[in-house]
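All remarks here apply to the structure that follows.
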Amino acid sequence: MKLIGSPASPYVRKVRVVLAEKKLDYQMLPDDPWSATAQVPAYNPLGQVPCLVMEGGEALYDSRVIVEYLDTLSPVGKLIPATGRERAAVKTWEALADGVLDAGVLARLERHWPGRQDGERSQAWVDRQFGKIEAGLAAMERQLGAQPAHVQPYCSGIHLSLSDIAVGCALGWLDFRFPEIDWRTEHPHLARLHDKLALRSSFADTVPR
Ligand SMILES: N[C@@H](CCC(=O)N[C@@H](CS)C(=O)NCC(=O)O)C(=O)O
């Protein structure tokens, strides 16, 4: 398998962490989706990373489809429950963490995308996205703190799951792109989870840059 991706993308990082936790071999094909010479549009018509190219050349996107597929490839470290409410709950954690990222990406593009003049940028739009980031982090903190840490050390119970991986990648990317957001002070449960995840080699080896 080949993974087309960039080292800054939190969605790519989510896939790389899953590959590492599942102990799956792959080849990394670095690509900048914003460059005029990007390779990824040849595989993903949306021009976005991550894109997983399987043996045989078939391509998978987006990150949620890829991680769901990867989890089926090996029984090692099951990250998504097979059925029912537990499965839906993990997928909802992922949707929330990815949604925080989507809002952050939109805010950054509104502020910095070179295709737009300064007078065309909307502060109201940026503020709306920041509202989603704050509300998303607050919801994660509430859910993570709903049970004492010795009862529920991870987002979805006593084992690492895709919930934690998605949340950890969202928090790491906020630190990378928005270091001015002090999410740790108001969200101590998230801070503890982030620090615990940072000790795993899957996270340590994929810090955004
Ligand atoms: N929902 C997608 C989001 C992927 C995404 O937005 N990737 C960004 C990099 S962080 C990208 O490739 N952007 C280029 C573009 O949108 O043209 C996923 O989960 O894979």
Side-chain angles (χ1 to χ4, degrees), residues 1-22 24 26-54 58-73 79-80 87-88 90-116 120-122 125-126 128-130 132-133 136-137 140 155 161-179 181 202-203 205-209:
M1 290 183 292
K2 294 177 182 154
L3 179 66
I4 308 176
S6 72
S9 166
Y11 311 98
V12 172
R13 187 184 192 195
K14 183 175 57 165
V15 172
R16 292 176 71 200
V17 170
V18 166
L19 283 159
E21 293 290 344
K22 304 280 302 176
L24 293 166
Y26 69 104
Q27 183 189 347
M28 184 77 199
L29 299 183
D31 196 32
D32 173 3
W34 298 104
S35 144
T37 57
Q39 303 298 302
V40 72
Y43 298 90
N44 175 0
L46 303 175
Q48 292 189 324
V49 294
C51 180
L52 186 79
V53 184
M54 298 182 291
E58 201 184 327
L60 290 187
Y61 44 83
D62 61 4
S63 65
R64 291 190 216 176
V65 174
I66 297 172
V67 295
E68 189 163 352
Y69 168 67
L70 293 174
D71 200 39
T72 66
L73 290 187
L79 295 171
I80 309 175
R87 181 179 177 84
V90 167
K91 301 285 286 179
T92 303
W93 269 103
E94 184 186 26
L96 180 58
D98 281 12
V100 164
L101 286 172
D102 295 343
V105 168
L106 286 174
R108 250 178 74 76
L109 289 173
E110 189 66 26
R111 278 181 173 172
H112 303 300
W113 188 52
R116 197 170 278 176
E120 296 169 336
R121 302 184 195 278
S122 163
W125 180 256
V126 172
R128 183 175 172 85
Q129 303 312 320
F130 271 100
K132 292 177 196 288
I133 295 173
L137 291 177
M140 292 175 190
C155 295
S161 75
L162 181 61
S163 310
D164 309 289
I165 294 174
V167 170
C169 291
L171 296 173
W173 186 81
L174 287 178
D175 279 348
F176 176 55
R177 291 300 193 196
F178 296 101
I181 300 181
S202 58
F203 274 86
D205 293 346
T206 55
V207 173
R209 56 183 170 78

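Just follow the structure's listing: the first ligand is 1, and inside any ligand the first atom is 1.
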Run the side-chain contact (heavy atoms from CB on, under 4.5 Å) check on M1 and L73 step by step: do they pass? CA-CA 12 Å; M1 290 183 292; L73 290 187; 4.0 Å; yes
Start with the C-alpha distance between D32 and S6, add both sets of side-chain angles, then the distance that settles side-chain contact (heavy atoms from CB on, under 4.5 Å), and finish with yes or no. CA-CA 6 Å; D32 173 3; S6 72; 5.6 Å; no
Shortest non-hydrogen contact between I133 and V100, atoms and distance: CG1-O, 3.8 Å
My understanding is that we take every heavy atom of each candidate and find the minimum distance to atom 12 (O) of ligand 1. Doing that for V49, D32, L46, which one comes out nearest? V49
Can you tell me which residue and heavy atom of the protein come closest to atom 16 (O) of ligand 1, and the distance to 0.1 Å? Q48 NE2, 2.9 Å
Quick one, Y69 with V18, criterion side-chain contact (heavy atoms from CB on, under 4.5 Å). Give me CA distance, side-chain angles, the key distance, then yes/no. CA-CA 11 Å; Y69 168 67; V18 166; over 6 Å; no
Can you list the ligand 1 atoms lying under 4.0 Å from a non-hydrogen atom of P33? 11 (C), 12 (O), 14 (C)
Could you measure the distance from the CG atom of L137 to the CG atom of L96? Nearest 0.5 Å is fine. 8.5 Å
Apply side-chain contact (heavy atoms from CB on, under 4.5 Å) to I181 and F130, showing your working. CA-CA 10 Å; I181 300 181; F130 271 100; 3.6 Å; yes
To which protein heavy atom is atom 14 (C) of ligand 1 closest, and what is the distance rounded to 0.1 Å? W34 CZ2, 3.5 Å
What is the nearest protein non-hydrogen atom to atom 20 (O) of ligand 1, stated with its residue, atom name and distance? S63 N, 2.9 Å
When you measure from atom 2 (C) of ligand 1 to each heavy atom in D62, V15, V40, L101, which option holds the nearest one? D62
Heavy atom of the protein closest to atom 10 (S) of ligand 1 (residue, atom name, distance): S9 OG, 3.2 Å
